Amino acid sequence: MFKRVTGTRDILPGETELWQNIENISRSIFACHNYREIRTPLLEDEPLFNRSLGETAEIVQKQMFLIQREHDLFALRPEGTASIVRAYIENNIDKQQGFVKFYYMGPMFRAERPQKGRLRQFHHIGCEAIGSYGPGIDAEVIALAHTLLKAYGITGYCIALNSLGCAADKQAFTASLREKLKDRLSVLCEDCQDRFERNILRVLDCKNEACQNVIKELHIAGSQRCSDCESHFTAVRAGLDSLHIPYEVAPNLVRGLDYYNRTVFEFKHSGLGPQQDALGAGGRYDGLVKQLDGPDTGAIGFAFGFERLLLAAGEQAPAQQADLVYLITLGDSAKTAGVKVLADIRSAGIRADTDYEGKSLKAAMRTANDLQARFVAILGDDELKDGVIALKDMSNGSQEKILMTGLVGRINELGRLRKMNDAL
Ligand code: AMP
């Protein structure tokens with residue numbers, strides 16, 4: 001028997017409705033903030049990620065799913081930002097609009113060790129605002145993420161915020177960190193010893209207790225920022241303060257990718273466990289568009305992990321489905337006429353289904369029950385001759401014979417009545 005690939009999941013009906021709920025909420029909130037959806041391919045040229053995330057990034061080093069086809073090396077996208085910037089440049093969007101806002105949803109692929117909240121195919125929901133260096137958009141993007149979480153019904157998270165400064169600040173910070181850590185190298189975990197060489201900022205993110213202790217002793221503060229970056233960070237914080245959005249300044253928050261500069265942030269949720277407590281994260285990437293041969297422009301974005309949003313949202317009532325009408329036909333003429341009856345009900349926007357197996361009335365009624373149909377419409381050859389149909393309301397067992405032409409109207413009426421009763 002075939003099994004799904006480790007670290008991937010089947011999302012089945014029952015759960016898909018919860019996904020759709022988050023998707024729908026997100027679409028409407030993104031739209032209110034004037035973001036438009038972008039969909040990029042799952043497959044990209046591998047060098048795109050190598051060049052943008054940085055060859056020392058953990059994702060590029062260890063986690064890319066690569067596909068070699070003759071002379072080409074492709075990668076299943078591990079994140080969305082690089083692809084979106086590629087699409088922005090390739091489609092000349094910068095020449096049509098100075099400033100654009102995109103949102104996206106879809107699968108990402110990383111060859112990680114699978115565990116709760118950590119998959120090999122997972123899903124991002126995120127956005128990118130490209131074309132501005134202004135701190136106003138930083139505050140708006142963080143506020144937007146906060147608004148989304150509230151709308152999903154997620155509470156109990158905190159926002160960690162930092163500024164990495166500009167490229168020169170990052171370089172100075174890296175050098176001073178190297179100086180401070182070089183004598184403590186033996187205390188660090190194996191991964192961090194490797195990070196010391198390749199991607200030293202990432203040591204600050206390490207969850208290992210020994211590494212955390214060393215980091216605490218370093219007393220890192222954001223003192224390495226130049227005055228321009230400091231004022232930018234002050235303005236971002238003022239923007240968040242004016243919106244009454246709570247956050248904690250976290251000088252250790254660095255994010256592991258080369259392209260980040262200035263503002264970085266993470267939404268942490270304690271209910272997810274210590275190893276993967278991030279619901280989502282993001283930051284500014286002012287150098288990336290130029291680095292991928294586009295114009296010199298500022299940009300910022302974030303992504304939530306869909307699966308983690310669902311974990312944090314916890315047990316939710318299964319999404320309510322619309323009332324189902326189940327049509328049972330008895331006899332050949334009724335069966336033929338039933339095709340049109342079913343189509344008419346559906347085209348009125350009502351969920352409807354029928355039996356395709358020629359079951360007996362009793363067996364078909366059992367199926368209607370299994371499907372939790374609200375109404376059963378029964379059409380026999382005799383009824384058809386008289387232009388009538390039987391309609392049974394399964395919520396109270398009442399049954400009536402009505403004109404076939406009045407069927408949709410009557411279902412709507414009863415459906416509405418039920419809703420009024422529910423409201424009472
Ligand atoms: P990142 O690009 O790593 O900052 O990812 C943004 C968000 O995606 C994280 O905060 C997680 O919520 C989620 N995420 C990242 N990697 C995984 C993974 N392997 N499995 C599930 N969710 C993930």
Side-chain angles (χ1 to χ4, degrees), residues 4-9 11 15 19 22 26 40 42 44 48-49 52-54 56-65 75-85 103-128 141-142 144-146 148-149 152 154 156-162 164 199 201-202 204-207 250 252-261 263-285 288 299-313:
R4 59 178 189 271
V5 173
T6 311
T8 67
R9 289 193 56 221
I11 304 154
E15 198 185 347
W19 284 64
I22 289 200
S26 309
T40 60
L42 305 193
E44 295 276 0
L48 172 68
F49 300 111
S52 46
L53 278 61
T56 59
E58 223 139 310
I59 296 179
V60 172
Q61 287 270 318
K62 302 185 195 161
Q63 298 175 344
M64 295 239 275
F65 281 103
L76 289 179
R77 64 180 190 190
E79 57 108 59
T81 306
S83 306
I84 291 171
V85 171
Y103 77 87
Y104 62 99
M105 305 176 191
M108 304 292 160
F109 304 85
R110 293 184 196 171
E112 301 196 71
R113 198 161 52 81
Q115 50 193 292
K116 187 179 169 208
R118 190 171 291 280
L119 292 151
R120 292 184 150 187
Q121 178 178 332
F122 61 99
H123 297 73
H124 267 170
I125 180 160
C127 68
E128 313 290 351
V141 159
I142 297 168
L144 165 58
H146 180 64
L148 285 166
L149 289 177
Y152 304 147
I154 295 175
Y157 59 87
C158 63
I159 306 174
L161 179 71
N162 192 21
L164 300 174
N199 193 359
L201 288 184
R202 205 71 228 233
L204 299 181
D205 267 350
C206 184
K207 310 268 192 224
N252 288 354
L253 179 68
V254 287
R255 317 280 299 122
L257 309 178
D258 269 8
Y259 59 57
Y260 283 118
N261 71 321
T263 314
V264 287
F265 52 94
E266 208 165 76
F267 286 75
K268 289 171 186 280
H269 194 288
S270 55
L272 294 175
Q275 291 303 316
Q276 43 268 314
D277 60 354
L279 284 170
R284 210 163 239 295
Y285 49 92
L288 183 59
I300 184 166
F302 71 82
F304 287 132
F306 224 118
E307 289 80 0
R308 297 208 192 158
L309 294 177
L310 289 168
L311 283 173

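In each ligand, atom 1 is the first atom listed, and ligand 1 is the first ligand listed. Note: hydrogens, waters and symmetry copies are ignored here, and every other heavy atom, side chains too, is used. Note that the structure is predicted; figures quoted are calculated from it, not measured.
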Just to verify, what does Arg284 make a side-chain hydrogen bond (donor to acceptor under 3.5 Å, both in side chains) with, not counting sequence neighbours?
Asp138, Asp286
Quick check: Phe267 with His269 (ring centres under 6.0 Å apart)?
no
Donor-acceptor check, side chain of Arg308 to backbone of Leu279, threshold 3.5 angstrom: yes or no?
no
Look at the rings of Tyr157 and His146 and say which category their plane angle falls in: under 30° parallel, 30 to 60° tilted, over 60° perpendicular.
perpendicular
Sorted by chain and number, the residues that approach ligand 1 to under 4.0 Å with a heavy atom
Arg110, Glu112, Gly117, Arg118, Leu119, Phe122, His124, Arg255, Ala278, Leu279, Gly280, Ala281, Ala303, Gly305, Arg308
Taken to the nearest 0.5 Å, the spacing of Glu79 CD from Phe49 CZ works out to 6.5 Å
Do Tyr104 and Thr40 come close enough that some side-chain heavy atom pair is under 4.5 Å?
no
